[in-house]
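We use all heavy atoms of the structure for the numbers below, so side chains are in, but hydrogens, waters and symmetry mates are not. Counting convention: from 1, in listed order, for ligands and their atoms alike.
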Amino acid sequence: MEQTPAIWIKDPLAILADGAERGVVVSQGKIVELVPAGGQPVTAGAAVFEARDHAVIPGLINTHHHFYQTLTRAVPAAMDRELFPWLQALYPVWARITPERLDLAVTAAMSELLLSGCTTTTDHHYVFPAGLEDAVDIEVAVAKRLGMRVLLTRGSMNRSKRDGGLPPDSVVQDEDTILADSERVVEKHHQRGEDAMVQIALAPCSPFSVTTSLMRSTAALAERLDVRLHTHLAETEDENRFCEQIHNCRPLDYLEQCGWLNARTWLAHGIFFNAEEMKRLGRAGTTISHCACSNQILASGCCPVCEMEQAGVAIGLGVDGSASNDESNLMQEVRAAFLLQRARYGVTKVSHKDALRWATKGSAACVGRPELGEIAIGKAADLALYRLDELRFSGHGDALAALVLCGAHRADRVMISGKWAVVDGAIPGLDVADLIRRHGAAAKQMQAG
Ligand SMILES: [Zn+2]
C-alpha cells in the first residue's frame, strides 16, 4: 500500500465514538488512535485537520441500489404504480442501456452517494441487454475513478415472459452465459482482505425473474469462489402469491431450498417475513437491507426492523434503485428509516442512533465487512464529516441528533481508506454541471426510445 502521512482529525464538534472527544488519528487507511478528552495523539508527525465545525460519523454504507436506474427517475409511465406493473413499464426502457449511458448513470449514482456521506456502496446490476456484457467492468472503472469502496454484484435474470417470468426476452441471458461471466468478473475484480476496495457478489434478481436452476447454481458458485450472495426477497404480497403459485411455498422456504439461507446472503427489503421466518434468518446469519424510501414510494410495506433485530438479524440500509426512490442520498435514507420505524414502534424503541447504526455497523454486516462501519481502533478510516452551519441546523443542541432530525443531506468532507474523496462538499476532479448535462441528455434519449 502506498505510504500516506497520518492525519489527526482534531477536536470535532461531535463524533460518533466513545473516548474520542479530541478526535481520531488515521494512518495507512486505518483508524489508529482515539484521542480522549484532555489527551494528545501519541502518533508522531500526524498532519492536523481542524474539525471543530464538523460532526464526524463512520462513513455510511449503502447495501442496495441499481445505479442504472438514475436514467429513469420520475418517469411518468411508471409513476403511481406498485412493484409488478412498475417493473413492466420500465423493463423496455432499461433494455436501451448502452455502455456510455451506464457509465454516466454509475458516475451520477456514486457521486450522489459520496456527497451524502456514503463511503461504501453495493450495486445490483441485473439488466444485460445485448452490447452491455461489460456492465460490471464499467462499474469497477467508475468506482476506481471516484475512490469509492464497492461491493458490486453480478446480477442476472433468465426467466422472461416466455418462461412465465416478468421481464421481456431482450433483457435476460441464459444460465451458462451468466455463470461463466460471474466467474470471470470475480476472478478479474474481487479483492480479498480488510483493505479491499472492490469486491464482487453474485445476485440473481428475484424469485420471479430467475429459474430455480440458476438460483441453485449461483449459490454453489458463490460457495466455490467464496463471495457473497444477494437478491430481492419478501418485498411485496404479489411476490408471496407468485412464489406459492409457482413453487408451492413461501419465499423464505424457496430460498432455503435453493441453498441460500446462510451467512453469505443479504436480502433487499425483507418486509413480509413472519415471526418463525425471522428466527430462521437470525439463526442462519442472513442479513437484511432495509429500503425505507423505496418501500414507501412503491407502497410495498414496512420492514419490521425491531422484531428482526430481536430475532438476531442484522439490519442495514439501502437507497434502492433511483427509479423507486428516486434519489441516492444515503443520509436522507437514514432520516427516512428513522421516521418510518419510529412511526411504527414509538419514541422509546427507535432513536436517531439506531438509524445511524443501521446505516453503518448494520450495513457493514450486510456487506460482510466487520472492519467497516465503526469509529474504533483498527477499523477502516472511512469517515463522513458534516458542517452544521446551514440554516437547517441553526439553533441545534445535540449535533449528532441534529444530523438526523434536521435532515443533513450533504457531507462537507468524506474520507475513504484514509484519503479525502470529498473536499469542501465537492468531489475533486469531477465537473458536476457537466455530468448533469451529459447524464440528463442520455436519460432523455433512453426514455424517448
Ligand atoms: Zn432493488
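In this structure, H125 has its ring center under 6.0 Å from that of Y68. Between H232 and H66, the ring center distance clears the sub-6.0 Å criterion.
Residues W358 and E333 bring no donor and acceptor atom of their side chains to less than 3.5 Å of each other. A donor and an acceptor atom, one from each side chain of T212 and Y254, are located under 3.5 Å apart. For D320 and H64, the side-chain atoms include at least one donor-acceptor pair closer than 3.5 Å.
Counted within 6.0 Å of CD on Q257, heavy atoms from surrounding residues, nucleotides or ligands total more than 12; the atom is thus considered enclosed.
Tally of protein N, O or S atoms closer to the Zn ion (ligand 1) than 2.8 Å: 4.
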